[in-house]
Amino acid sequence: MKKVLKICYFAALMTGGLFLLTSFLTSSSPVTPYQFPYKHAGLTERQAAEHLLDRFTYGATPAQIDQVIKMGLENWFSQQLNAEQPDDSLNKRLNSYDAINLSNTEVCREYPPGFVIRSMAIKDSVISKDSVDKAVDKKTFNAKLQAYMNKKGFKSDQDLYKQFIDQNILRAAYTNNQLQEVLTDFWFNHFNVSFFKGECAQFIPAYERDIIRPNSLGKFDQMLMASAKSPAMLYYLDNFTSVGPVVVTPPKIPVKAAVANGDISMMMSAGNAAITANKVKTLTQPGKNVNGLNENYAREVMELHTLGVDGGYTQQDVTQAARVLTGWTIYPISDQAYGSNMKGLVAKIGENNLAKKGYIHEGDFLFTPNRHDQGEKVVLGHIFPSSTDPTAGYQEGVSLLEMLAHHPSTAKFICKKLAVRFVSDNPPQSLIKKMAKSFTAHDGDIKQVLITMVNSREFWDKKALLTKTKSPFELAISAVRGLNADIKDPYQLFNWISKMGEKIYYYQAPTGFPDRGQYWINTGALLNRMDFSLALTSGQISGVKVDLNNCITHQQPADAENTIMSFSKLLLPEQNADQMAKELSPFLNAPGLAAKMNNTAQLIKQVPVPTMEKPMAGAPGDMMLMSAVIDNKPKPTAQEPARTIYAINNNRSNTMQALAAGIIIGSPEFQKR
């Protein structure tokens, strides 16, 4: 008997070992230590899968709910957290965009902004300074600038911005790593910079690519630190100009001597009277190119990036933080602009000697000790002692940002914003507390905060389902994903998204776009959304191909009710298709449908779409509108005539499909996620 038991024991042990080994070797899905509590909220597995896709993607593609269920909801979410899904199809679409992977230095060299080209052309006597704003013959003036650009091998910066906008739309529509892209949009909005300010516009592609997207699922403090050092943020909030008080500045020091000594402060004050150590100029208004203390970044890093407006800081803390961050500026990355004033200095000191003298050079960032306020500062009760050690200044800034990133107010502020984005416009305090606790316990690890959120009962509460209003961008991308559209010209979608109220990358305020439904919805917005929906489904958006016949099954007769049922199941998979069919069938059966749709197509085609706005640009601090930006693209001489989409015998079936799909996309049900 003992022998038999012993044999059975070893057999069981071997079987269990083989099972574990086989599972380890063959498992293609991440192992998740948690199980979503959606059943406690009364949701079915399909409803839960749709809720996941609504919240963590730009919309479900056909049959994606079934795919998520087959894989397992928890496994799908873990896969999205890892953001390592292959994107071969997307990358193939992006291959033609040659500018989106350029470094900031390469961008400055190949796509200099209009004001830089204008200055260079004046310097090279191609145009006169007086002709810039007073040129009578604009055509001749622009032709001279264009010829100059061609000779120098420059490309229009408008082409750079267009490529960047296009790639953003393609990523959102086609990436398999949807959560990473959704979070990239969230964090870009959180750390907002804008094309409207031309000084930072050149650096926005690299900012999103190298700062935001790689850190979107990482540690919050790392993303905060990276954004603080990026040229886009340094220019957008003017910290590159922020300088502490000059301790000793004898009057009338020759510039050459200042350069020889490697003293930036001496260079800035050469030829001027002595500035006392206690006299600090404050620059908080945009548009003034004045050396001194600039509080813009210090204010926004506390109010918008970390603590929140109610985070417990004072104006004195803002001023003190600005003093801590003096000397954080741009490494010279261009001969014509953007740090070029320091190029000679860096060359004189020598790249290898920068660190010895207290300079910190990391990529496009440069800390200059001679511009740093060496006096004592106190921020939120934390003392930064005075020091003459040139290497201490940079570490002060690092310590300040780390302190802000790990502050309890930051945990609450960031977690509330995440809950607003992924749960509801007014998330429960109980959920925010759980997330904030996770944020603190896991050192600001965004993945862990999201895991805490999605494992909470509050996330799965039926009251949270379909409560978030899609922004125009989310509406457009979810529509093309739901219809499996083929996007050949993304910029046409950008025009429509802008018309609906969300001109991506152009939001001027550092707050970023609001994330609440009331901001997006009004009578005019709803009409624009319906126009977009009908334009998309009826083939009126050039460069975006939708094959409605391939979107739905054809097992049932192509009457109004079955057509609506089919598109409802496709676009609103877990909602009442019967009710939708009942409400819309009479309308689709109305006489003269084809004529009405033709008229709608004509009207849609006549709706003007916004042109690409030129960024604000100028010398550092100058917010004047750029007056000479060359766009060598030919302008259309006449409006393209409206295309008739029902020319083949007024095909009623196609008309019915286009109208049914368009109305469903424009419906209140599809507007929610």
Criterion side chain to side chain contact (heavy atoms under 4.5 Å, CB included) on I414 and F220, from CA distance to verdict: CA-CA 9 Å; I414 297 300; F220 176 76; 3.7 Å; yes
With side chain to side chain contact (heavy atoms under 4.5 Å, CB included) as the criterion, how do V301 and L224 come out once you've worked through the C-alpha distance, each side chain's angles and the decisive distance to 0.1 Å? CA-CA 9 Å; V301 77; L224 175 68; 3.8 Å; yes
Is there a salt bridge (Lys or Arg N to Asp or Glu O under 4.0 Å) between D54 and R673? Walk through the geometry before answering. CA-CA 5 Å; D54 279 343; R673 61 170 179 83; over 6 Å; no
One pair to check against side chain to side chain contact (heavy atoms under 4.5 Å, CB included): L293 and D373. What are the steps and the verdict? CA-CA 9 Å; L293 186 67; D373 186 331; 5.9 Å; no
Given ring-ring contact (aromatic ring centres under 6.0 Å, His included), test F77 with F56 step by step and report yes or no. CA-CA 9 Å; F77 185 70; F56 299 118; 5.0 Å; yes
Side chain to side chain contact (heavy atoms under 4.5 Å, CB included) between I446 and S216, worked out: CA-CA 8 Å; I446 303 305; S216 61; over 6 Å; no
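Side-chain atoms of E458 never come within 3.5 Å of backbone atoms of P427 as a donor-acceptor pair (strictly under, hydrogens ignored). Between the side chain of S242 and the backbone N or O of D238, no donor-acceptor pair lies under 3.5 Å. At distances below 3.5 Å, not a single donor-acceptor pair connects side-chain atoms of S456 with backbone N or O atoms of L431. The main-chain N or O of L237 is never found under 3.5 Å from a side-chain atom of E300 such that the two would form a donor-acceptor pair. At least one donor-acceptor pair closer than 3.5 Å links the side chain of E106 to the backbone N or O of S103. Side chain of Q508 to backbone of F196: no donor-acceptor contact under 3.5 angstrom is found. Under the 3.5 Å distance criterion, the side-chain polar atoms of N215 are left unmatched by any main-chain donor or acceptor of A226. The closest donor-acceptor contact from the side chain of T410 to the backbone of H406 lies at 3.5 Å or more, if one exists at all. At least one donor-acceptor pair under 3.5 Å links the side chain of H407 to the backbone N or O of S409. Side chain of H361 to main chain of G363: a donor-acceptor pair is present (N/O by atom type, distance under 3.5 Å, no hydrogens or angles).
Ring centroids of F494 and F164 are separated by 6.0 Å or more, keeping the two rings apart. Ring centroid separation for the pair F240 and W328 does not come in under the 6.0 Å cut-off. You'll find the ring centres of F188 and Y505 inside the 6.0 Å limit. Annotation: Y491 is not in aromatic contact with W496 [ring centroid separation under 6.0 Å not met].
When only modelled atom types and interatomic distance are considered, T319 and E295 share a side-chain donor-acceptor pair under 3.5 Å. Between the side chains of D87 and T175, a donor-acceptor pair is found at a separation under 3.5 Å. Side-chain contact check for N168 and E181: no donor-acceptor pair (N or O, by modelled atom type) lies under 3.5 Å. Looking at S471 and E502, their side chains do bring a donor and an acceptor atom within 3.5 Å of each other. Y161 and Q202 share a donor-acceptor pair across their side chains, judged by distance under 3.5 Å alone. Using modelled atom types, one finds no donor on one side chain facing an acceptor on the other under 3.5 Å when comparing K672 with T467. Between the side chains of Q671 and R529, at least one donor N or O sits under 3.5 Å from an acceptor N or O.
Using a 4.5 Å heavy-atom threshold, the side chains of S399 and F384 count as touching. A heavy-atom distance below 4.5 Å is found between the side chains of T184 and E208. Using a 4.5 Å heavy-atom cutoff, the side chains of L52 and V454 are in contact. Counting heavy atoms from C-beta on, the side chains of Q315 and V318 come closer than 4.5 Å. K468 places a side-chain heavy atom less than 4.5 Å from the side chain of R55. In this structure the side chain of N177 never reaches within 4.5 angstrom of the side chain of R171, judged on heavy atoms. Side-chain contact between M233 and Y297 is present, with at least one heavy-atom pair separated by less than 4.5 Å. For the pair I497 and K503, the minimum side-chain heavy-atom distance is 4.5 Å or more.
With values rounded to the nearest 0.5 angstrom, F195 atom CZ is found 9.5 Å from D157 atom CG. Put simply, CD on Q79 and CG on L179 are 11.5 Å apart, with the number rounded to the nearest 0.5 Å. Rounding to the nearest 0.5 Å gives a distance of 10.5 Å between CG of L234 and CG of L366. We find the CG-CG distance between L536 and L493 to be 7.5 Å, quoted to the nearest 0.5 Å. Note that the CG atom of D166 and the CZ atom of R93 stand 12.0 Å from one another [nearest 0.5 Å]. The structure places NZ of K197 at 7.0 Å from SG of C200, a figure rounded to the nearest 0.5 Å.
Sequence neighbours left out, the pairs with a member in residues 218-232 that pass salt bridge (charged side-chain N to carboxylate O under 4.0 Å, His left out) are K219-D443, K229-E362.
With sequence neighbours excluded, no residue forms a ring pair (Phe, Tyr, Trp, His ring centres under 6.0 Å) with F413. Considering only residues two or more places apart in sequence or on other chains, N239 meets the side chain to side chain donor-acceptor pair (under 3.5 Å) condition with none of them.
Counting heavy atoms of neighbouring residues, nucleotides and ligands inside a 6.0 Å radius, atom NZ of K417 exceeds 12 of them.
Nearest heavy-atom pair across A173 and I487 is CB-CD1, 3.8 Å. Summarising the geometry of D317 relative to M302, their closest heavy-atom pair is CB-CE, 3.9 Å, with the distance given to 0.1 Å. L160 approaches A99 most closely through the heavy-atom pair CD1-CB, 3.8 Å. Annotation for K447 and L217: closest pair CG-O, 3.3 Å, computed over non-hydrogen atoms. Between P205 and A201, the shortest heavy-atom distance links the atoms CD-O, 3.7 Å. Of all non-hydrogen atoms in P510 and N192, the two that sit nearest each other are O-CB, 3.6 Å.
Note that K470 lies in the cation-pi zone of F670, set by a 6.0 Å cut-off to the ring centre and a 45° limit from the axis.
Ring pair Y58/F473 is perpendicular by interplanar angle, where above 60° counts as perpendicular and below 30° as parallel. Between Y235 and F203, the ring planes lie parallel to each other; the angle is under 30°, not in the 30° to 60° tilted range. Ring pair F367/Y394 is tilted by interplanar angle, where 30° to 60° counts as tilted. Using a 30° and 60° split on the angle between ring planes, F186 and F422 fall in the tilted class, from 30° to 60°.
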